[in-house]
*Asks:* 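Okay, handing you the structure first.
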Amino acid sequence: MSLSLAKIEELAPDQGSLAAAKTLLKPSNWPTLADDGSGVIWGECQGSGATPYRISVTEADAGYKCSCPSRKFPCKHSIALMWMRVEGKVEFAAGTAPNWVTDWLLRRRGPSAVSAADTDRPKASIAAVEDSRVEADPKGEARAAAARERNRLERETSIAAGLDELDIWLADQLDAGLAAFPAKATAACRVMAQRLFDAKASGLAIRVDTIPARLFALSEAMRPSTAVQELGMLYLLAITYRRQGGLPAPLRHDIRQMIGWNVTREALLADEHALRVSGRWRVWATRSEVQADKLRRLETWLHGSDRNAVLTEYVPVSTGASSSGYSVGDTFEAELAFYPSSVPLRAAIVRQSSGTEPSDTPLTFPDEDLASAYVSYEEALIEKPWLGDYPMMFRGARLMRSGENIYLSGGEISLPVAKAQSAAIWPLLQFEEIDGAGLWDGNELILCWSETALGRWTA
């Protein structure tokens, strides 16, 4: 048995799967396409998220595996990879199968038998897909464009109403006294967040909904002052959004993203002004967090070409996915496109020119101490007041304990380390000096990577 169009038709679960696979036959969708010369092919297909789906196929028996959450087998990505291989119009680079391919080869049990239900299903046809092309409809496209503009204006109106409600809510909290706000924050924020979700300001709604969690992560003495900062930031976001017309383009993109407007990956890649950086990237941190809107946010922090970047992906909690597919220490060659921002950090992979490989080599840190890294944070905060988590890399710092708290000290500055890390981080207290990388949110530092005299430590 070998791959052929007839075999692909036999494997396809339905006609719709073939039609969906045909839309993926463009090389631009595939950062990686490779084979090992012995009948194993693999590829990485860029979906709507930041992390490409990984697909591997054995040509001899049409075995397949894909990391996507599809409930159809084979999925459209597996079909598309086979299809491109059979047509021979796209070049597959020769190489050695990466670990994620070899792991699958070792686990698979061989070809599956065809069930009676499979033989009874309607046969899918590639010819039918190719013959079902829809002629361009200028009038239809114009109607669709008008509908999109109408929906945009309706959403703008809805968001404006939501911001008006937020103003009233903020005034109510001030009248009641901010010292008492932490005690009632959970119920009060839940109600306001739901109103903002209804107003289609999802980004702002998530920020309001997560205020209680940020407050109760702090000591009781710090909560009132932090509540003032949180509510002040909400006011700043609301007033800035209303005045977005007079802002520089990068800052306007920032405020719209914070409110809930998103730039699609397709729009980013089509933006000729988007910042693009090519080089070898190293994964130094990964994070997974469930949001109030039932989406899981997956972050992969990268360092390369003397800058940091983060790949952010949102997946439904119901899919069960809990990781981005990258591991701390992985390296790969790729071109990244950065989303427009006054402090560009979030990026998407345009194309990946090498496989992802684990590496034991030390992470290369900029030649600056902790104080210099903090100055960079303050400069970024000036550019983007709602900065959020910011990557900080440093050399020659030391961890020190004061009571129940642990601080990272260096260059005449000390930053509190997240209390959640106290148990994991205690071995690093023994070192006189460490180099490292972490994420600073303005209140505490999450240490993610450290190079010590005894080797690497990762969270």
Side-chain angles (χ1 to χ4, degrees), residues 145-178 181 185 188-215 225-264 267-268 271 273-274 291-293 295 297 312 314 338-346 378-390 441-442:
R148 287 193 296 270
E149 177 62 14
R150 184 168 59 252
N151 291 337
R152 185 190 69 80
L153 293 175
E154 289 176 355
R155 185 180 180 189
E156 290 281 13
T157 302
S158 180
I159 289 174
L163 295 180
D164 290 341
E165 287 197 56
L166 178 63
D167 287 343
I168 297 172
W169 183 81
L170 289 172
D172 290 342
Q173 308 315 309
L174 288 173
D175 291 341
L178 292 183
F181 177 77
C189 291
R190 182 85 283 272
V191 172
M192 189 63 239
Q194 189 56 57
R195 292 176 181 172
L196 290 171
F197 275 122
D198 293 342
K200 302 179 182 179
S202 56
L204 193 57
I206 291 172
R207 187 177 185 94
V208 171
D209 201 54
T210 54
I211 286 177
R214 290 194 291 276
L215 292 179
S225 61
T226 304
V228 173
Q229 295 175 12
E230 291 286 349
L231 298 183
M233 184 60 69
L234 295 178
Y235 176 76
L236 177 63
L237 288 168
I239 197 171
T240 305
Y241 187 80
R242 293 185 176 106
R243 300 175 181 177
Q244 61 180 291
L247 299 177
L251 194 57
R252 186 166 61 251
H253 283 293
D254 283 332
I255 184 62
R256 291 183 68 81
Q257 184 271 328
M258 290 297 300
I259 295 299
W261 295 92
N262 294 315
V263 177
T264 65
L268 174 65
D271 183 2
H273 300 295
Q291 299 184 153
D293 55 358
L295 292 178
R297 187 177 74 253
T312 306
Y314 298 90
F338 286 78
Y339 286 83
S341 172
S342 50
V343 182
L345 284 174
R346 188 186 174 194
E378 289 185 321
E379 292 173 348
L381 190 63
I382 293 172
E383 296 294 326
K384 185 179 178 181
W386 40 85
L387 186 59
D389 293 330
Y390 187 75
D441 66 358

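Since this is a predicted model, take the numbers as computed values, not measurements.
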*Asks:* Evaluate L196 against W169 for side chain to side chain contact (heavy atoms under 4.5 Å, CB included), listing each step before the verdict.
*Replies:* CA-CA 11 Å; L196 290 171; W169 183 81; over 6 Å; no
*Asks:* Check whether any side-chain N or O of S158 sits under 3.5 Å from a backbone N or O of E154 as a donor-acceptor pair, and report yes or no.
*Replies:*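 Not a single qualifying donor-acceptor pair exists.
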*Asks:* Minimum heavy-atom separation for T312 to R346, with atom names?
*Replies:*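 Heavy-atom minimum between the residues: O-NH2, 3.5 Å.
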*Asks:* Please find the pair of heavy atoms, one from D254 and one from P340, that lie closest to each other, and give the distance.
*Replies:*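 Heavy atoms only, the tightest pair is OD1-O, 4.2 Å.
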*Asks:* If you compare all heavy atoms of L178 against all heavy atoms of Q173, which two are closest, and at what distance to 0.1 Å?
*Replies:*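 Closest approach of L178 to Q173, heavy atoms only: CD2-O, 3.9 Å.
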*Asks:* Nearest 0.5 Å please: distance from the CD1 atom of I211 over to the CG atom of L231.
*Replies:*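 Output value for this atom pair is 5.5 Å.
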*Asks:* Mind checking whether L251 and I255 have side chains closer than 4.5 Å, heavy atoms only?
*Replies:*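 The answer is no, as the side chains (C-beta and beyond) never meet within the 4.5 Å cut-off.
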*Asks:* Would you give the length of the straight line joining atom CZ of F181 to atom CG of L174, rounded to the nearest 0.5 angstrom?
*Replies:*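 Rounded to the nearest 0.5 Å, the CZ-CG separation comes out at 10.0 Å.
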*Asks:* Roughly how far, to the nearest 0.5 Å, is the CH2 atom of W386 from the CD1 atom of I259?
*Replies:*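 Here the rounded value is 8.5 Å.
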*Asks:* To the closest 0.5 Å, what do you measure between CG (D389) and CG (D441)?
*Replies:*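 So the gap between those two atoms works out to 5.5 Å.
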*Asks:* Do you know the tightest heavy-atom contact between K384 and S342?
*Replies:*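 Smallest interatomic distance, heavy atoms only, reads CB-OG, 3.6 Å.
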*Asks:* Using a 4.5 Å cut-off on heavy atoms from C-beta on, say whether the side chain of E230 contacts that of T226.
*Replies:*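 T226 reaches E230 side chain to side chain.
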*Asks:* Under 3.5 Å, which donor-acceptor pairs do the side chains of residues 232-242 form with other protein atoms, sequence neighbours left out?
*Replies:*
| residue | atom | partner | partner atom | Å |
| --- | --- | --- | --- | --- |
| T240 | OG1 | L236 | O | 2.6 |
| Y241 | OH | E156 | OE1 | 2.7 |
| Y241 | OH | W261 | NE1 | 2.9 |
| R242 | NH1 | D167 | OD2 | 3.2 |
| R242 | NH2 | L163 | O | 3.3 |
| R242 | NH2 | D164 | OD1 | 3.1 |
| R242 | NH2 | D167 | OD2 | 2.7 |

*Asks:* To the nearest 0.5 angstrom, please state how far the CG atom of N262 sits from the CZ atom of R256.
*Replies:*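 The CG atom of N262 sits 10.5 Å away from the CZ atom of R256.
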*Asks:* Report yes if the side chains of C189 and T210 come closer than 4.5 Å at any heavy-atom pair, otherwise no.
*Replies:*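 C189 does not reach T210 side chain to side chain.
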*Asks:* Under the side chain to side chain contact (heavy atoms under 4.5 Å, CB included) criterion, do L345 and Y339 qualify, and how do the steps go?
*Replies:* CA-CA 8 Å; L345 284 174; Y339 286 83; over 6 Å; no
*Asks:* Pair V263, Q257 - check side chain to side chain contact (heavy atoms under 4.5 Å, CB included), show working.
*Replies:* CA-CA 8 Å; V263 177; Q257 184 271 328; over 6 Å; no
*Asks:* What salt bridge (Lys or Arg N to Asp or Glu O under 4.0 Å) pairs are there with at least one residue in residues 191-205, not counting sequence neighbours?
*Replies:*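 Non-adjacent pairs meeting salt bridge (Lys or Arg N to Asp or Glu O under 4.0 Å): E165-R195.
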*Asks:* Distance check, rounded to the nearest 0.5 Å: H253 atom NE2 versus Q244 atom CD?
*Replies:*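 Atom-to-atom, H253:NE2 and Q244:CD are 10.5 Å apart.
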